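Nothing here was measured: the structure is a model prediction, and the numbers come from that model.
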Amino acid sequence: MGSGDWTDQQNDAIVADYFAMLADDEAGRPYSKAEHNCRLQEAISRPRGSIEYKHQNISAVLKGLGEDWIPGYKPAFNFQGSLVDAVARWLATYPTWLSPETRLSLAGGSSSRVQETPALWIGPPPTLGNAPPPDELEQMQHIARRFDVAERDARNRALGRAGEERIVRHERSSLAAGGRDDLADRVRWVSEQDGDGAGYDIASFEIDGRPRLIEVKTTNGWERTPFYISRNELAVADERRRDWCLVRLWNFARDPRAFELRPPLDAHVSLMPTSFQASFRD
């Protein structure tokens, strides 16, 4: 069988092969794409070029899911929905793949890895000018909505906590590098010490001593992965516009990067209500 639509069995086989390579890639272990391709040609009766392109399709699916992908397989779009289902099946079978602990163990480290890498790349936020082509963006957004990627990341407390810890260390390191050890010592991890509810996760400072209230949103995927923000966080952002900021931490599984958003948030992102309060009629 060398042409036509891929069967579920073929999709499952190539998805499993892709994740095996991705695990090696994240762990820094050597692997041969050519050898993987040859084995798949024998197993699923598909030509080399078709397998290569399908690997690129899987990268695109993972991008839409807000997950890491193999850099050597540039995301290729216009893939079949059955491939999305195959990736979802694999992730459902191996749910620990989505945990930060899995990624740290792949890299041969632990939470100490966060401590050893205080520097963090802070870049510009996504804009219309750097958006991907409309067709690609729509396909990514469709996948994100279908699998509610924002809710998944919001529920992943381990991922959120690891991201917050990364930003706490970055804030302390930046203040110390600016000669403000006095302020670095006063940075508080509010959500960890006091619990959720403050409307921000970290209480830090600008170099001049002004308050810096940081809400952290973390994903393993690309910078346009959607995220949840609570009504309380929006209220605090509005009340403390001068002090509040949202730090979006992305590509966390491989090479953490970040950008900042300042209020009003609706100047940067589309805010859509996702739940409603229901009360009984009189």
Side-chain angles (χ1 to χ4, degrees), residues 66 114 118-132 137 140-141 144 149-151 153-154 156 159-180 182-184 186-252 255-275:
V114 175
L120 181 65
W121 184 87
I122 305 287
T127 65
L128 286 175
N130 59 25
L137 184 58
M140 298 300 94
Q141 291 173 337
V149 169
E151 181 181 21
D153 285 349
N156 191 339
L159 176 64
R161 188 181 186 282
E164 291 170 18
E165 181 182 8
R166 188 73 172 81
I167 298 302
V168 167
R169 295 188 182 283
H170 171 76
E171 289 294 306
R172 289 173 177 163
S173 175
S174 297
L175 288 166
R180 296 305 305 265
D182 58 325
L183 297 178
R186 293 167 55 196
V187 172
R188 294 187 71 247
W189 189 354
V190 175
S191 61
E192 180 74 6
Q193 296 174 252
D194 303 336
D196 294 328
Y200 54 91
D201 297 311
I202 299 162
S204 184
F205 302 91
E206 304 289 353
I207 290 293
D208 62 7
R210 287 185 296 112
R212 178 171 159 81
L213 309 179
I214 307 170
E215 175 64 28
V216 183
K217 303 294 182 181
T218 307
T219 188
N220 285 326
W222 69 319
E223 65 269 32
R224 291 180 180 270
T225 304
F227 58 89
Y228 271 176
I229 185 165
S230 72
R231 190 180 301 274
N232 182 51
E233 289 160 359
L234 286 173
V236 175
D238 188 57
E239 294 168 5
R240 303 287 300 274
R241 288 192 176 198
R242 187 167 181 264
D243 305 328
W244 193 96
C245 71
L246 186 148
V247 172
R248 184 68 168 122
L249 187 57
W250 57 280
N251 201 31
F252 189 76
D255 180 22
R257 298 181 173 225
F259 59 84
E260 292 187 10
L261 298 178
R262 292 277 182 173
L265 289 184
D266 57 8
H268 308 280
V269 297
S270 297
L271 298 172
M272 296 179 292
T274 58
S275 62

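- Residues passing the side-chain hydrogen bond (donor to acceptor under 3.5 Å, both in side chains) test with E239, sequence neighbours excluded: none.
- D266 meets the side-chain hydrogen bond (donor to acceptor under 3.5 Å, both in side chains) test with no other residue; sequence neighbours excluded.
- Closest of all the heavy-atom pairs between P126 and F259 is CD-CZ, 3.4 Å.
- Within the 4.5 Å cutoff, the side chain of R186 has heavy atoms near those of the L183 side chain.
- By the 4.5 Å heavy-atom criterion applied to side chains, F205 and R180 are not counted as neighbours.
- No side-chain heavy atom of E192 sits less than 4.5 Å from a side-chain heavy atom of E164.
- Side-chain atoms of S174 come within 3.5 Å of backbone atoms of H170 as a donor-acceptor pair (strictly under, hydrogens ignored).
- With sequence neighbours excluded, the residues forming a salt bridge (charged side-chain N to carboxylate O under 4.0 Å, His left out) with E206 are R212, R262, listed by chain and number.
- Between the side chain of Q193 and the backbone N or O of W189 there is at least one donor-acceptor pair closer than 3.5 Å.
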### Message
Could you walk me through whether N220 and N251 satisfy the side-chain contact (heavy atoms from CB on, under 4.5 Å) test, starting with their C-alpha distance in whole Å, then the side-chain angles of each, then the deciding distance to 0.1 Å, before giving a yes or no?
### Response
CA-CA 5 Å; N220 285 326; N251 201 31; over 6 Å; no

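- Pairing each heavy atom of A198 with each of V190, the nearest pair is CB-CG1, 3.9 Å.
- Under the side chain to side chain contact (heavy atoms under 4.5 Å, CB included) criterion, L137 pairs with P132, Q141, W222, R224, sequence neighbours left out.
- Across P263 and A237, no two heavy atoms sit closer than the pair CG-O, 3.5 Å.
- D238 pairs by the side chain to side chain contact (heavy atoms under 4.5 Å, CB included) definition with R241, not counting sequence neighbours.
- Remark: A144 pairs with V149, P226 by the side chain to side chain contact (heavy atoms under 4.5 Å, CB included) rule, at least two apart or across chains.
- Evaluation of the side chain to side chain contact (heavy atoms under 4.5 Å, CB included) rule for N232 yields S230, V236 as partners, not counting sequence neighbours.
- Annotation: side-chain hydrogen bond (donor to acceptor under 3.5 Å, both in side chains) contacts of D153 (sequence neighbours excluded): T219.
- Across all their heavy atoms, A258 and L120 have their closest contact at CB-CD2, 4.0 Å.
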Return all side-chain donor-acceptor pairs below 3.5 angstrom for residues 242-249, not counting sequence neighbours, or 'none' if the list is empty.
residue : atom : partner : partner atom : Å
D243    : OD2  : R240    : NE           : 3.1
D243    : OD2  : R240    : NH2          : 2.9
W244    : NE1  : G199    : O            : 2.9
R248    : NH1  : K217    : O            : 3.2
R248    : NH2  : T225    : O            : 2.7

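- In terms of heavy-atom proximity, E215 sits nearest to Y200 at OE1-CA, 3.3 Å.
- Applying the side-chain hydrogen bond (donor to acceptor under 3.5 Å, both in side chains) test to S204 and every residue at least two apart in sequence or in another chain returns E171.
- Partners of D196 by salt bridge (charged side-chain N to carboxylate O under 4.0 Å, His left out), not counting sequence neighbours: none found.
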